[in-house]
Participant: 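First the structure, then my questions, so here it is.
Just so we're on the same page: letters track the sequence lines, and every chain starts at 1. As the structure is a computational prediction, the values presented were derived from the model and not from experiment.
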Amino acid sequence: MSEENKWKYGFFLGCVAPNRYPMIESSIRAVFDHLGAEILELEGASCCPAPGVFRAFHIPTWLVIAARNITIAEELGVDIITGCNGCYGTLRDAWIELEHEPELKKMVNEHLAKIGRQFKGSIEPKHIVQALYQDMGLDYLRGFVKHKFKDLKVAVHYGCHIIKPSDKRPWGGECEDPTFLDEIVEITGAKSIDYVDKLMCCGAGGAVRTAVKEVSADFSREKLKNMRDAGADIIVDCCPFCHLQLDLGQMEANSIYKDMIGEPYKIPVVYLTQLLGLSFGIDPNLLGLIKNHDLKGVTPFIPIESFLEKVKSQLT
Amino acid sequence: MSENVEKYIKRKVYKVTSSRITQKFVDAGLEKLRACINCGTCTGSCPSGRRTAIRTRSVLRRALTGDETVLEDIDIWLCSTCYNCYERCPRDIPVTDMIIKLRNIAVEEGNILDAHFGLANKIFYVTGHGVPANGEANKKWQDLRESYGLPPLPPTVHMHPEAVKECQELMKSVGFRDLLDKIEKIKEKEKAEAEKDKEEEK
Amino acid sequence: MTEPIVETKQSENKEWEPKIIAFLCNWCSYAGADLAGVSRIQYPPNIRIVRVPCSGRINAYFIIKSLTDGWDGVLISGCHPGDCHYISGNLVARRRFAILKELLEFFGIEPGRVNFMWASAAEGERFAVLVRKATEIVKKLGPNTKFEKKW
Amino acid sequence: MTETDKKIEIMGNEKPRIGIYVCHCGVNIGGVVSVPDLVEYAKTLPDVTVGREYKFFCSDVGQKMIKEDIEAGLINRVVVAACSPRMHEPTFRIACKEAGLNQFLFEMANIREHSTWVHMKDTEGAYEVAKDHIRLAIAKARELAPLAVQKVKVEPTTLIIGAGITGMNSALNLSAAGYKVYLVERSATIGGHMAQLDKTFPTMDCSSCILTPKMSEISRDKNIELLTYSEVEEVTGYVGNFEVTIKKKPHYVDQEKCNGCGICVDSCPISVGNEFELGLATRKAIYVPFPQAVPSEYTIDMDSCVVCGICARESVCEPLAINYDDKPEYITVDIGTIIVATGYDEYDPSGLKQYGYGKYDNVITGLQMERLLSSFGPVIGKPVKPSDLKDPHSIAFLQCVGSRNFREGGNKYCSRVCCMYATKQARQYKEKHPEADIYIFYMDIRAFGKGYEEFYESAARDYGINYVRGRIAEVRENPLNHNIIIRSEDTLLQQPIEVEVELFVLSAAIEPRADSDSITTLLRIQKSADGFFLEAHPKLRPVDTLTEGIFIAGVSQGPKDIPDSVAQAKAAAASAIALMAKGEVEIEPFFAVIHADRCSGCGMCIENCAYGAIEYVDDRRFGTIASVNVALCKGCGACSGNCRSSAIDIIGFSSEQLHSMITKRQ
């Protein structure tokens, strides 16, 4: 491919994508490969560690482990991409804090020295959306669109940590009305619909899901209501943890808040690269869209067949 | 004492107990909190507060005035770290970071939910992942991976036992292991006391 | 007439503190330094302030003389470009010091001993920050002994 | 040789006997460093014959101590170590003069602003700095020379920039005192923001009723030369003797010929947003800003005009007053004093996206609300929702939009008028719609002026306006009816609340003019950190600038309400009169001088002089050399700084003096 080696990234997997939603991992790999980006493995990477959980327990631990993960990419000399808002939050915040506070950097490197590592700050942690939107650009992506979806109404869910804290994110301080994700979604012909409290949190983060599942489910219930009221066919997100909360959380909300909900929610939840991949003409198998029904109790919990059915005719 | 005394006399006068938490905030470089004008933008922006008892402003106010009971309050764990408050504070106070710092202080005192402690102690420390896929119990996830043409385990710590060691080494070095041990002891003691109380009740 | 030798070296057990002569223009930087005072913004006690009408008043001689006479650093501060009370005196100064910089290096004066900066009458905080920075730089360079007579 | 010159010569030749006076300044200095020790130290320095300390040397008693030493012949140079010379140098110079000492034989050591206030926690460091500053001042004092004061005439004419309520009041006062005024206004009418207001708090008198008579008074006043649609292009010179060039922008309508019939407006096919109505209405490309405008002159806005030629037809403009080729006109006037009254801009809240301004129809700013309430506004004083032009049944006001906001893009200061104007607007709407629900979301209500607290109390008690203590977090639009749904905390209830209202008014901040830099550059005045013009002293010289002869007034100096603006307008006029009434002013004789024997005639100084004050002359002995025209020289020293042969010196900051300060260190 002529574009080969134009972009080279270290792929930071995190936890939820590889270990619970592998379809997200495989679709990112498939799409980035299709776009001519080379993906290197960050061998031996750990949990980022999760910003709302481990950072909330012990900030130094969070910082040191995050720095270790970054050093793996530094050894390869490539920028990191991650498909997870949480991992992005951790890696980027840690990276910026270490860059701006020499004392912290010194502390972290004292610990890292014990395992023969050193944080330099030589590479940038990026979100896959950042790589798609800023490194490659919409025009480049448009060139790969093979199938355009018609009448597909998408409720785009940004999640929080991809845009906030805005002073540590690459979107020019914009966090009240971002459009980058909608713009990417809309190159596929799908319509990104406006819905109430679009930027609201899914409810999973900040250790809330682990603490009180019912609270997270109530966040999701509210979001799902607003999405359904606006007539969404599918949800498109860019974070495996939001994905989990909107998928599994949809089931949970349906049961916990049965009385409030009425007709149970069953809005398919599609990861950004799954939607893009389909539009690019990539094999749905590679995008993790075809479920092996022999496997029981696995993701996705909300069937996505209605979505595939809807777009099937447009994929030829 | 008559029933009505119990019911109606609320002699509780709020006492500012100490500046211990406040001092810890300041030590962490978060003294900006002192500039809070209690406008409520944080509480009003909080998606959690619309359904739970967390009142962001009140939480920080309590911390600022040294009310240590805030550390035991489950409310501080109901923030989903969405950063709305951080973005909108007119005094430029990093509100979300404050809550995270407050949680750190709470954890130090042993105020951590069992579920969170288990996640840190039994899962993250042991496997290096927050949500692992290794082991027999997670077989279905390995199968799921394989069904999409991926290796059963990702090339993370799961495939690199020496990387798990590295992480544990770091966690020891930075004091996380000691913290976890300390909490474990506190939790055991609390459990023993609770059982003792139960016995006595019987 | 003989001048008394003013004791400026600190006692031995104390950390060495540099002395920096600061030429401040009357309209912006001197007023900025006043504002720092009025606002009680604290900065290290290492500068001695000389008021001049304009940064354009300061010529190479004053700077070199300051260094040969033992000041550890020199700081010249004027109005921001475009804000000069005398239309363009600060720009004249800027041009002059751009050239002087090379000459000073040729003399063996470390860059950083002589600092040229802008601070307006409203920038008390900025003034303090710049003084802190300049002090830090000169402190790192150590005492200015290049011109001490060795015989 | 005059008597003064003789005296000066004698003084200059005397051996220095320096008196050093170290001031405690209450505890400001004395509380940080040991003043007696400083005096003792200073007395060890050469030529110091007297050293004294006192609580406040600026007081009468303190000054007397200095005067007595001078009169007793103990000293012939005075050094006061105290506050900034920008504070009390004039005070002590006068004291010297009164005691018979040339006022330029005085020097100040700034040991308060530059030492004890900035090293409060480092007493040792502060002492070292104070010592050195005293030593430097004494070194300079030794080199001081007596100088003759320069007196210059003051042109009895004032330039006022900006003809809002502030500039207008200054103009009327100056005129009443008999001075000529050039009142320059860049828009096509005078009146400023006040002309846009409906009623004024707390008296509820109609803004137009008190403003328009003043406007016509201005236009009739023989002493006031009103220059609307004009801008100041260039200002040169100095106090008393400014030369000002004013550009009169082309109206494209010959005002001599125009009979004001207005047919051109009706025939003009181009409609654009009306600035005066803040976009709530349109105007034509040829227009009068508003019906009561003064002067009532028609102007073509060439940015929107397509030169279709319709208005130029004789059938439309019978006197043929339209002139598309109109050119700007420049006039140059001699000015003695200048008053800057350029006002403010309203903060644009569209950057605070959580409030939906610019996105949702029913979100407006306070000034827009003012136009909606105005009886000669776009809806004749009956406010409506922009979405459907119906009366709102509920309105919420949000205070401090862009004020008291420490984030980027916000202003840290309080805008001082919003609490009252929101309360006023709420009351006005309630008067007409008693059934309407009105909420004012606030952080603090600042009702500090005369009658303000009473006005606020009555708004809550008599009008039933709901004051909610909380800063709104975010709003969204109800898509069905375009209502605004507000999320906030009621901080007094400690509860998140949601309110749905039909109109949402943002009490937007007052901001410095976006282009106020053009004024600072033009006049060489400064801005404070908030972006408003800087006063010479925040308390004692609130309308003076650091540039003598230039004054600031009204909101251009900082947010203020109408009474305060008018008070400053009159203060600035009085200050200008104080300068002009004497007819002459003393200026520091700080000029460049050229030592003819050293000048090589290279011409560098001529190139560097921003005032064209240096020229070549042919000297009988030294040939072609530079020479300074003292009338033009400002004493900046740019020439001296570049002189390769050290032939130029600056009186007042002489090379000898600076040299002595530098070298007195071992």
Participant: Which region of A/E110, side chain (C-beta onward) or backbone (N, CA, C, O), has a non-hydrogen atom less than 4.5 Å from a non-hydrogen atom of chain B, or is it both or neither?
Facilitator: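 It is neither, since no heavy atom gets under 4.5 Å.
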Participant: Go through the atoms of B/Y86 and report whether side chain, backbone, both or neither lie under 4.5 Å from a heavy atom of chain A.
Facilitator: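 It is the side chain, since no backbone atom gets that close.
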Participant: Under 3.5 Å, is there a donor-acceptor pair between the A/Y195 and A/K223 side chains?
Facilitator: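 Yes, side-chain donor-acceptor contact under 3.5 Å.
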Participant: Relative to chain A, which segment of B/L144 carries a heavy atom at a distance below 4.5 Å: side chain, backbone, both, or neither?
Facilitator: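 For B/L144, the contact with chain A is made by backbone and side chain together.
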Participant: Classify the ring geometry of A/H161 against B/Y83: parallel below 30°, tilted from 30° to 60°, perpendicular beyond 60°.
Facilitator: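 Rings of A/H161 and B/Y83: perpendicular, as their planes differ by over 60°.
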Participant: Counting only non-hydrogen atoms closer than 4.5 Å, does B/D114 touch chain A with its backbone (N, CA, C, O), its side chain (CB onward), both, or neither?
Facilitator: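 For B/D114, there is no contact with chain A at all, as no heavy atom is under 4.5 Å.
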Participant: Are there residues of residues 204-212 of chain A that reach to under 4.5 Å of chain B by heavy atoms, and which ones?
Facilitator: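 When heavy atoms of chain B are the reference, residues 204-212 of chain A contributes A/G205, A/G206, A/A207, A/V208, A/T210, A/A211, A/V212 within the under-4.5 Å range.
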Participant: For A/L42, which atoms come within 4.5 Å of any heavy atom of chain B: side chain, backbone, both, or neither?
Facilitator: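 Only the backbone of A/L42 comes within 4.5 Å of chain B.
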Participant: Partners of A/D177 by side-chain hydrogen bond (donor to acceptor under 3.5 Å, both in side chains), sequence neighbours excluded?
Facilitator: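 Partners of A/D177 under the side-chain hydrogen bond (donor to acceptor under 3.5 Å, both in side chains) test: none.
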Participant: Below 4.5 Å from any heavy atom of chain B, which atoms of A/D197 appear? Answer side chain, backbone, both or neither.
Facilitator: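 Looking at A/D197, just its side chain touches chain B.
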Participant: Side chain, backbone, both or neither: which part of A/I290 has a heavy atom under 4.5 Å from chain B?
Facilitator: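 Contact with chain B is through the backbone of A/I290 alone.
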Participant: So for A/N69, is it side chain, backbone, both, or neither that comes closer than 4.5 Å to the heavy atoms of chain B?
Facilitator: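 Interface part for A/N69: neither.
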Participant: Is A/M23 in contact with chain B via its backbone, its side chain, both, or neither, using a 4.5 Å heavy-atom distance?
Facilitator: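 Both backbone and side chain.
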Participant: Is it the side chain or the backbone of A/E41 that comes within 4.5 Å of chain B heavy atoms, both, or neither?
Facilitator: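 Side chain of A/E41 only, per the 4.5 Å heavy-atom cut-off to chain B.
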Participant: Over 60° means perpendicular and under 30° means parallel, so tell me whether A/Y21 and A/H243 are parallel, tilted or perpendicular.
Facilitator: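 If you compare the ring of A/Y21 with that of A/H243, the planes turn out perpendicular.
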